[in-house]
Amino acid sequence: MQFLITVLLDGLIYASYLFIVSLGLTITFGVMKILNVAHGGFFAWGAYLASISIIYLGDNEYNSFLYYFAIFLSAIIVGLFFGYIIERFILRKMYNEDIHLIVLATFGLFWILEDLILHVFGVDPLMPYYPAMELGGIELGGIFQGVYSLTLAGLAIIVAFICWYFLKKTKYGKVLQSVIFDREVSVSMGINVTKVYLITFIIGGMLGALGGAYIAPTISVSPGFAIDVVVMSFAVVVIGGMGSVPGALIGSLIVGLVRAFAVHQAPILELFIIYAIMAIVLIIKPEGLFAPPKPRKI
Amino acid sequence: MFKGILKEQTIQVGIGFVFIVVLLGTFILPEWMSNNFMYGLSRGLAVLGLMILWRTNLVSFGHALYYGFGAYAVAMAQKYLGVTDVFLRIIIAITAAGILGFVLGFILRRYREIFFAMLSLAFSMVLYGLLAKAEFLGSTDGMSISPSTMFGFELGRFGLFYFIGFVVILSLIFAHAYLRSSLGHLTTAIMDNEIRVEYLGYSVEKAIHIKYVISACLAGGAGGLMAAALGQVDPDSMVLWSVSGELVFVTIMAGLGNILAPFVGAIFFEFIRTYAYEFAPQAWQMIIGGTLLAIIFFLPGGLWSLFQKINPFKKEKK
Amino acid sequence: MKLINLKTLGRIAITGLIASVLPMSVNAKDTVKVGVVSFLTGPAAGPFGTPAKQGAEIVIDAINSGTMPAPYNTKGFAGATMNPIFSDESGGGTKQVGLFRDFVQKQNVDAMIGYISSGNCMAIGPVADEVKMLTIFSTCGTERLYEEKLRSHVFRTQGNAVGDSLAAAKYIADEYFKGKVSTSDKMYTGINQNYAWGQDSYKFFKLGMAQYMPSAVGSTKPQFPKLFSGQYGSEISALSLDKAKIVHTSFWNGDFEAFMLQALVRGFFQKKILVSSVGGSGVDSLDKKFPDGVIMGTRGNVGLIVRNDTTPLNKWFIDSYKKRYGAYPLGPSYQYARAVMLYKIGMDKAAKAAGKFPTQDQVIAAMKGVTFESFADTIEMKRGDGHQAVHSIAYGVTKYNKAKGEPGIEKVIKYSASCIYPPAGAISQKWVESGMPGRKCN
């Protein structure tokens, strides 16, 4: 029982974090049909910007409410800044290119974003542990869990709700869905796809950065740490269905829980099993478990 | 299939190119530079494999699977069987990768576009997950590869260089023969219209499967040669997804125009990397990323298109 | 049939020629060029690579100017000034092998010093022998380096993981269990990085426990996360669930700090006894937050454990380090300094014997099997055919020093080399399993 609770909690925490990161990726793919490797760059930048802000605030003993403010602000800044530059000046010129070329371009951008970090933030690892330390631990199922890590689950629920509300209940969300469903028809209906693309990319970037910024207090933020995150969130998105929001949720839960179980029971399989699931899903259901509906075209 | 192939200009230029590279590398240039040529020729094989796939518009984001598998096959053969003979090494690397490619090909041949890319990626990460965590496979340390021998004698760096040149020439001939055969032409037709090819009575999946196995063999051979040249294999620099990305990058940089392009591109890549690392150790990824974007935007045909502009034989093409 | 086009051939040849006349360094006789490799980027840079580089810099500068205390007070290396080239160790074994070849063939260095990661040492070792380059490993710890094969051109001034792990096991038996043995406390587990160093460290800790505390039981689920993963949520949960009270770790670099912080938040140290074989460098960066009661080694008489040692050489090192960098030297600073010192000893001794500037082979012959005074202890190059060092190793328990306002350590026990390392020529695992015959403990 104790074991089960712990695995569930570990899995949930990890899944929440994966969900926030991969949500941005799946939205970008759904709308723009771009597999954005540079998403890892957003993640890393979010984490770094939040880290230096938190360390500054913590060292100078500011109000701890400001930590959370810094986290969200970092995500917004990173998403806006890099999202705008990348979409406006690079991706926009490529939409008619081969899909593989676009992936490759985002790969190049990922490299550039990674090295920029070295120059802006330096090479030493950052540990913005203040918020996590402040909230401390709580005994659940016989062992201590970090309260801060548990709030990740709360954040994931909030993000998921906002996303659902936005897509289902707002006008802009409906526009977005129509673009996801069929781009050409949307254009002919008078939807400004260029604008939709820009905004989508920025929001996707913000979510990636938010994942990085929020997880930062619980990890050591160091150069190159995003490289594993990229491919992990690829796995989530592929398992759930590329471009599907509920898919990202299910995908993160599967990956999170399976990984937690593996770490407890068979640590050697930790990485292997995630990608094995990804491969199996692709083999059985290539569109992913929750593929968005396809328009029927003649 | 191979009839008259040596008379073809592509092959003559190719053989000439390899000869010059090997001669420069062994007699004229300092050793570090010859290392770059050696690595470039080896990696070029994997890029050639990707290029062949790309001609059917299939792009593998997981080709490091075969590259790494070939390299690890060499490492395992040394660890458990004591194999250091360079002929055996390359045969083991190619066979291992070929078998793996044959098996996975049954699945992958049904996939196109992004799904093909993602499934390749998934398979390569499965191998990575195993190698990085399993102690008996060396975990993230990987394994050392002892210097190659030939018939029991130490081969030396130059000997290995000659051998790599030899393998590359054979691969060029084979790849060219394949691409100009009806099977090779067929796969280019698949890129244009798959259904039409089926109507003509050919099995698209089978044609792709064959192509996939050839591509896997080339990547495996590249891994085997690279392992022998470097003297070390490890999952992070042989199997990780970013290695696959690098291979795709070199393919684009080289251009799809000619079977020699992958080797020119791969050697060029080694030099950018060495110099970028030496003069800007904290910005070498940025330099490579920037090069990649520059190529995509300003040189869509890759480096080879530069050669074509000054190629005196241009008329003979098409 | 046309021949290969001459124009193309000419073009390629010219490109090659232009490339070949690019700068090549010329080595003057009054300087020695040495590559010094440590982590300058990534999670290992702050707590390991940078202090390592700084330690090397202090000793190199002092030897170059002849200002180091005796017995290293002669100027230069066989009279020559050392010109160090610092380089980054990150990126994995394969990349490092490529860079190593560049160092030898492109930069024409006279020797190579450094390397922290055991994985890198395992990769570089065979290559160093292959290209015949004198290489002094300063820090890495896997015992496989010399037990798989003897190395002709490779030296290591740091004792291997066997000593660190056996000393940890013995310390637990001697100090922690002194008089208060309860069976539930006797279980142990571990969290170690999944590569040569972590694997070997835990293996020998287990073997050592079996010898010193035969009644202690090892957990069936020790954790081996990936090196530099930096995120240990699930692993900490798994360790917390485990009944074992003693947790062995050989974590180092940013991973150690990250693990400590994540474990602290979750009340880990209220329930577990952590045994850390390298954690010494993390104590300073966590400062007040570092928990008391962690059993701590620093891989020899370096760093935290010898902070108050007043041997002249040690005092000089701490003073000059503090003066120049405003901090205490850490374990890696000592280790890199030591490697430089062995190079000086070898060069001077070989020059004296040869009567002129020595060749590499003469230096290697001179370094083989020497015993030399390090900062607070004696290093004997007595294993691996005179290429591998052994030295004493100390463990203690962390206790924050409130009076001085800095981290401290108490209950220090020092184990002599003959107690924790197998005799020359023995294979470590067999030696420990057969009951460590011939060991002499103080």
Side-chain angles (χ1 to χ4, degrees), chain B residues 6-9 12-13 15-17 19-21 23-25 28-37 39 71 132-135 138-147 157 226-227 229-238 240 264 270-271 273-275 277-278 281-282 307 310-313, chain C residues 1-5 7-9 11-13 15-17 19-20 22 24 40-41 87-88 91-108 117-127 130-131 142 144 148-149 193-199 203 224-228:
Chain B
L6 290 175
K7 286 187 185 153
E8 295 223 11
Q9 183 226 329
Q12 287 174 6
V13 174
I15 293 176
F17 172 80
F19 262 110
I20 292 166
V21 165
L23 288 179
L24 277 177
I28 299 172
L29 298 178
E31 215 172 340
W32 67 270
M33 239 184 232
S34 85
N35 280 343
N36 276 345
F37 279 122
Y39 304 152
K133 292 290 274 187
E135 191 178 342
S139 51
T140 43
D141 293 337
M143 270 177 244
S144 292
I145 308 289
S146 55
R157 299 291 286 170
M226 201 66 162
L230 274 168
Q232 173 74 13
V233 297
D234 72 68
D236 283 305
S237 49
M238 294 276 183
L240 192 60
V264 178
E270 293 296 335
F271 275 93
R273 195 148 70 164
T274 311
Y275 277 107
Y277 196 80
E278 184 173 345
Q282 310 237 330
F307 279 88
I310 49 174
N311 184 355
F313 296 117
Chain C
M1 177 178 158
K2 277 184 192 160
L3 282 171
I4 298 160
N5 181 269
K7 241 167 144 184
T8 325
L9 196 150
R11 206 175 287 125
I12 296 170
T15 325
L17 280 177
S20 66
L22 288 168
M24 288 267 300
L40 301 179
T41 62
S87 171
D88 186 8
T94 309
K95 179 175 162 197
Q96 286 305 319
V97 166
L99 287 174
F100 184 89
R101 288 190 196 275
D102 271 358
F103 258 113
V104 177
Q105 289 152 0
K106 188 171 174 203
Q107 315 240 35
N108 295 308
S117 161
S118 292
N120 289 340
C121 285
M122 285 305 287
I124 301 281
V127 181
E130 182 200 324
V131 299
T142 177
R144 287 182 240 167
E148 279 181 4
K149 202 180 167 193
Q193 290 142 333
N194 188 25
Y195 79 116
W197 165 252
Q199 292 156 356
K203 182 170 96 186
F224 287 98
K226 220 176 118 191
L227 178 64
F228 299 141

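- Interface remark: A227(B) contributes no atoms to any contact with chain C (heavy atom separation under 4.5 Å).
- Of the two parts of I124(C), neither the backbone nor the side chain holds a non-hydrogen atom closer than 4.5 Å to a non-hydrogen atom of chain B.
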(Q) Before you tell me yes or no, could you show the steps for R157(B) and E130(C) under side-chain contact (heavy atoms from CB on, under 4.5 Å), namely the whole-Å CA-CA distance, both residues' side-chain angles and the distance that decides it to 0.1 Å? (A) CA-CA 10 Å; R157(B) 299 291 286 170; E130(C) 182 200 324; 3.7 Å; yes
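- Under the 3.5 Å distance criterion, the side-chain polar atoms of D141(B) are matched with a main-chain donor or acceptor of A196(C).
- Residues satisfying the salt bridge (charged side-chain N to carboxylate O under 4.0 Å, His left out) criterion with E148(C), sequence neighbours excluded, are absent altogether.
- At a 4.5 Å heavy-atom cutoff, the contact between F224(C) and chain B is made by backbone atoms alone.
- For N35(B), the part lying near chain C is the side chain, with the backbone staying farther off; criterion is any non-hydrogen pair under 4.5 Å.
- The distance from atom CE of M33(B) to atom NZ of K106(C), rounded to the nearest 0.5 Å, is 7.5 Å.
- Put simply, the side chain of Q232(B) does not reach to within 4.5 Å of the side chain of V127(C), judged on heavy atoms.
- Qualifying salt bridge (charged side-chain N to carboxylate O under 4.0 Å, His left out) partners for K226(C), counting only residues two or more places apart in sequence or in other chains: D228(A).
- Looking at Y39(B), the atoms closer than 4.5 Å to chain C (heavy atoms on both sides) all sit in the side chain, from C-beta outward.
- In this structure, the separation between NZ on K95(C) and CG on D236(B) is 11.5 Å, given to the nearest 0.5 Å.
- For P126(C) against S144(B), the heavy-atom pair with the smallest separation is CG-OG, 3.5 Å.
- Side-chain atoms of N194(C) come within 3.5 Å of backbone atoms of A132(B) as a donor-acceptor pair (strictly under, hydrogens ignored).
- The closest donor-acceptor contact from the side chain of S237(B) to the backbone of G93(C) lies at 3.5 Å or more, if one exists at all.
- For the atom pair CG of D102(C) and CG of N36(B), the computed distance is 6.5 Å after rounding to the nearest 0.5 Å.
- Scanning both residues, S139(B) and Q199(C), for their nearest heavy atoms gives OG-NE2, 2.9 Å.
- Chosen from T274(B), L230(B), V233(B), the residue pairing most often with chain C at heavy-atom distances under 4.5 Å is L230(B).
- Looking at T41(C), only its side chain comes within 4.5 Å of chain B, counting heavy atoms on both sides.
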